[in-house]
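Structure, as structure tokens:
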Protein chains: 2
Amino acid sequence: METKRAATRLAALGHEKRLAVFRLLVQAGPEGLSAGVIGEQLGLAPATLSFHLAHLSRVGLITGRQESRFIFYATNYAEMDDLLGFLTQNCCNGGSCLPKTLAANTQAKRRRSSPKTC
Amino acid sequence: METKRAATRLAALGHEKRLAVFRLLVQAGPEGLSAGVIGEQLGLAPATLSFHLAHLSRVGLITGRQESRFIFYATNYAEMDDLLGFLTQNCCNGGSCLPKTLAANTQAKRRRSSPKTC
DNA sequence: TCCATCGTTCAAGTATTATCGAAATGATTG
DNA sequence: CAATCATTTCGATAATACTTGAACGATGGA
């Protein structure tokens, strides 16, 4: 059941254009970017972009907020965090493993008993 | 071009059964598991499993080695590592960000001594 | 009010992906 | 070499996803 959730999110990121959108938003930070700006940056037709934004939004990776005539989309950092945590869980029983990932997992474990800091 | 590679890998993981296979292998460690064992664990028809293993293999996330009559599949840790690194690159220009992810990226930075803003 | 702008939704065509039975391959053993 | 076992490949079918033009609703400015 949890695997299904992770899979739908990974599938959402598993499309070149959507991944590009997502990375753009990750880099943009909490402020986010308006749909128009995203479309301009990536050269996507409005309908196509809207489709992908809706997709990313539906699986919880981004959220949109209306601001005057624009809609700003921003990364949902907490959900992305969960996804990465899921991917690095139970990594090879402590054997030789992912350098970065193992580090991330250790950090994650350490963090889980305390509130978020960044 | 690099985004495309990451996207194909994420897409490969973005399928419930394949993600389950992958996690099983991550937990199994470098030794890996034979196709038969994987199929048994996850209740997949041989042909279906083979299709998914080939898919994961083609995008570089796992590799198979023949051992007697069996084929053992194991996680390609380095490639997975790269993928996670890609996802956490250029994270929100130092603003409030991914807790776990940020930690991962910091480790990555330390390991590679490459400039990552996070 | 009228018009332009921003973005979404709809509809329909096209393309890609998943599934699994059956047959083929490849390795091992008697 | 024949039999057996593990896995893959083939082929057909079903399902899902992507793209885009056109129409629509909402907002803000003249």
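These figures come from a predicted structure and were not determined experimentally. Below, chains carry the letters A, B, ... as their sequence lines are ordered, and counting in each starts from 1.
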Here the pair of heavy atoms bringing B:Ser34 nearest to B:Phe72 is N-CD2, 3.6 Å
ask   = Got more than 12 heavy atoms from elsewhere within 6.0 Å of CD, A:Glu31?
value = no
Separation of D:dT9 atom C1' from B:Arg58 atom CZ, nearest Å, is 14 Å
On the nucleotide D:dA17, are OP1 or OP2 found under 4.0 Å from the side-chain N or O atoms that A:His52 carries? no
Using a cut-off of 4.0 Å on non-hydrogen atoms, how would the nucleic acid contact of B:Ala35 be classed: base, sugar-phosphate, or nothing?
-> sugar-phosphate
When rounded to whole Å, the NE2 to P distance for the pair A:His55 and C:dT9 reads 14 Å
Here the distance between atom C1' of D:dT7 and atom CD of B:Glu40, to the nearest Å, is 15 Å
Hey, is the side chain of B:Tyr73 poking within less than 4.0 Å of OP1 or OP2 on D:dA6, counting only N and O atoms?
no
So, is A:Thr48 close to the D:dT20 phosphate, meaning a side-chain N or O under 4.0 Å from OP1 or OP2?
yes
Whole-Å distance, B:Phe51 CZ to C:dT17 P, equals 8 Å
B:Leu13 atom CG is separated from C:dT17 atom P, nearest whole Å, by 15 Å
Atom CG of A:Leu33 and atom C1' of C:dG7 are separated, to the nearest Å, by 15 Å
With the side chain defined as heavy atoms from C-beta on, A:His15 is closest, among D:dC18, C:dT8, C:dT19, to D:dC18
When rounded to whole Å, the CG to P distance for the pair A:Leu49 and D:dA17 reads 19 Å
D:dG29, OP1 or OP2 - any side-chain N/O from A:Arg69 closer than 4.0 Å? no
| task | Return no unless some side-chain N or O of A:Ser50 is found under 4.0 Å from OP1 or OP2 of C:dG7. | result | no
Taken to the nearest whole Å, CZ/A:Phe70 to C1'/C:dA4 is 12 Å
Note: for A:Gln66 and A:Ala45 on DNA chain D, the residue whose nearest nucleotide lies more 5' is A:Ala45
Scanning both residues in full, the closest heavy-atom pair of A:Gly32 with A:Ala74 reads CA-CB, 3.9 Å
When every non-hydrogen atom of B:Tyr77 is compared with those of B:Leu25, the smallest separation belongs to OH-O, 4.0 Å
Q.
Just N and O in the side chain of B:Arg18: are any of them under 4.0 Å from OP1 or OP2 of C:dA18?
A. yes
